[in-house]
Amino acid sequence: MSRRPPERAPAVPFNRPYVTGREFDYIREAIDAHHLSGDGAFTRRCHEWLERQAGCRRALLTHSCTAALEMAAILTGIGPGDEVILPSFTFVSTANAFVLRGGVPVFVDIHEATLNIDETLIEAALTPRTRAIAVVHYAGVACEMDAILELGRRRGLPVVEDAAQGLLATYKGRPLGSLGQLGTLSFHETKNVMSGEGGALLINDEALVERAEIVREKGTDRSRFFRGQVDRYTWVDVGSSYLPSEVVAAFLWAQLERAEEITAMRRRIWSAYHEQLADLEGQGRLRRPRVPGDRTANGHLYHVILPDAGARARALRLLAERGINAIFHYVPLHSSPAGRRYGRCSGRLARTEDLAERLVRLPLWAGMSDDDVAQVVAAVRLAV
Ligand SMILES: *Cc1c(COP(=O)(O)O)cnc(C)c1O
């Protein structure tokens, strides 16, 4: 009779949420201030930080990046049958937010080098029903934004940046999320700066600011009321409750004020992987990520591309056997049950299908030790 081995935590987990140590202090301050619903002093601090950092017209905290994307779908006026251009290689929320409004995701293939949407394929995907372009900055490495923004301007289409992974990353010196009409950030536990669940909408188009505040406040003009601009507040538009409580904002503030340091810690791990895996790339056993010279990344994630799907399956198994919690993503949305039902493809998504089954994400979190990195690299050497 064989006994199951005891359950044990992996030697190197995929993610370990980093806390700065100030989170409890700020939550206590929020409690002592007797303001625990949204838009109190901590939310204001977070908004000001984000507005300064991104240089956007307005930043609004939300419950998640998903919620910010849902707001973006409302603000871009997506209705039944309206088409939205986006990559299939992304998290479900990029598509789901538009589908909730009756929109139709039109999936476009990605670049081999960055795994970002291939901007040269967007124009061919446009139809008279196209209403918006939603791009995703994978791994905090920017898309080809000049070409995408130029196309959006020329065709009168708003550009939404899903910058969930992009805090403190830049494109030609400009922060991700500050380039399109709207940008969305995530503060989910797995992101660089986090509040468990959390997000923000960055509004770069002045014309959308007032409506964004209304949509976020259940369709009311409560924000104007609090600023003394109207003498009562009332229901003026569609909307929902997209604002987080001060408990969440207080937690997030403890992270935002240390965002540069947290990012530097993650970049260090990223660079260590990059250096230590260089020879494996030279031997053709894996491919390392690419960051084009006009962009800076933020150490959000480290991925490698293996020669084929079989090599990936084998590598994940061997890494798991050594207690290394490596993972893969994404199941391309166009091949998922809901993606097939609600969306359609523009052309063949050959690179999406190929790369999605060869990608491996290595553990990466702020506070990982050199020893952790060495363990992962040693295991990768044996696994690929
Ligand atoms: C994490 C992520 C999201 C979702 O963020 P939440 O805050 O969990 O809603 C959306 N898009 C991308 C690209 C992500 O990485």
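As the structure lists them, so they are numbered: ligands from 1, and atoms in each ligand from 1.
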- Can a donor-acceptor pair be found between the side chains of Gln165 and His137 at a distance below 3.5 Å? no
- Item | Flag, side chain of Glu281 to backbone of Arg288, donor-acceptor distance under 3.5 Å |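 Confirmed, Glu281 side chain pairs with Arg288 backbone.
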- Using a threshold of 4.0 angstrom between heavy atoms of the protein and any atom of ligand 1, which residues qualify?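 Residues Ser64, Cys65, Thr66, Thr90, Phe91, Val136, Asp162, Ala164, Gln165, Ser186, His188, Lys191, Gly198, Tyr330 each place a heavy atom under 4.0 Å from ligand 1, listed by chain and number.
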- Message: Can you confirm if the NZ or CZ of Arg222 lies within 45° of the ring axis of Phe225 and under 6.0 Å from the centre of its six-membered ring?
- Response: no
- Would Phe251 and Tyr26 count as a close aromatic pair, with their ring centres under 6.0 Å? no
- Query: Can we call the ring centroids of Tyr138 and His303 under 6.0 Å apart?
  - Reply: yes
- Task: Before accepting this row, confirm whether a basic side-chain N of the pair Glu213/Arg216 lies closer than 4.0 Å to the acidic partner's carboxylate O.
- Result: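 Salt bridge between Glu213 and Arg216, a charged N being under 4.0 Å from a carboxylate O: no.
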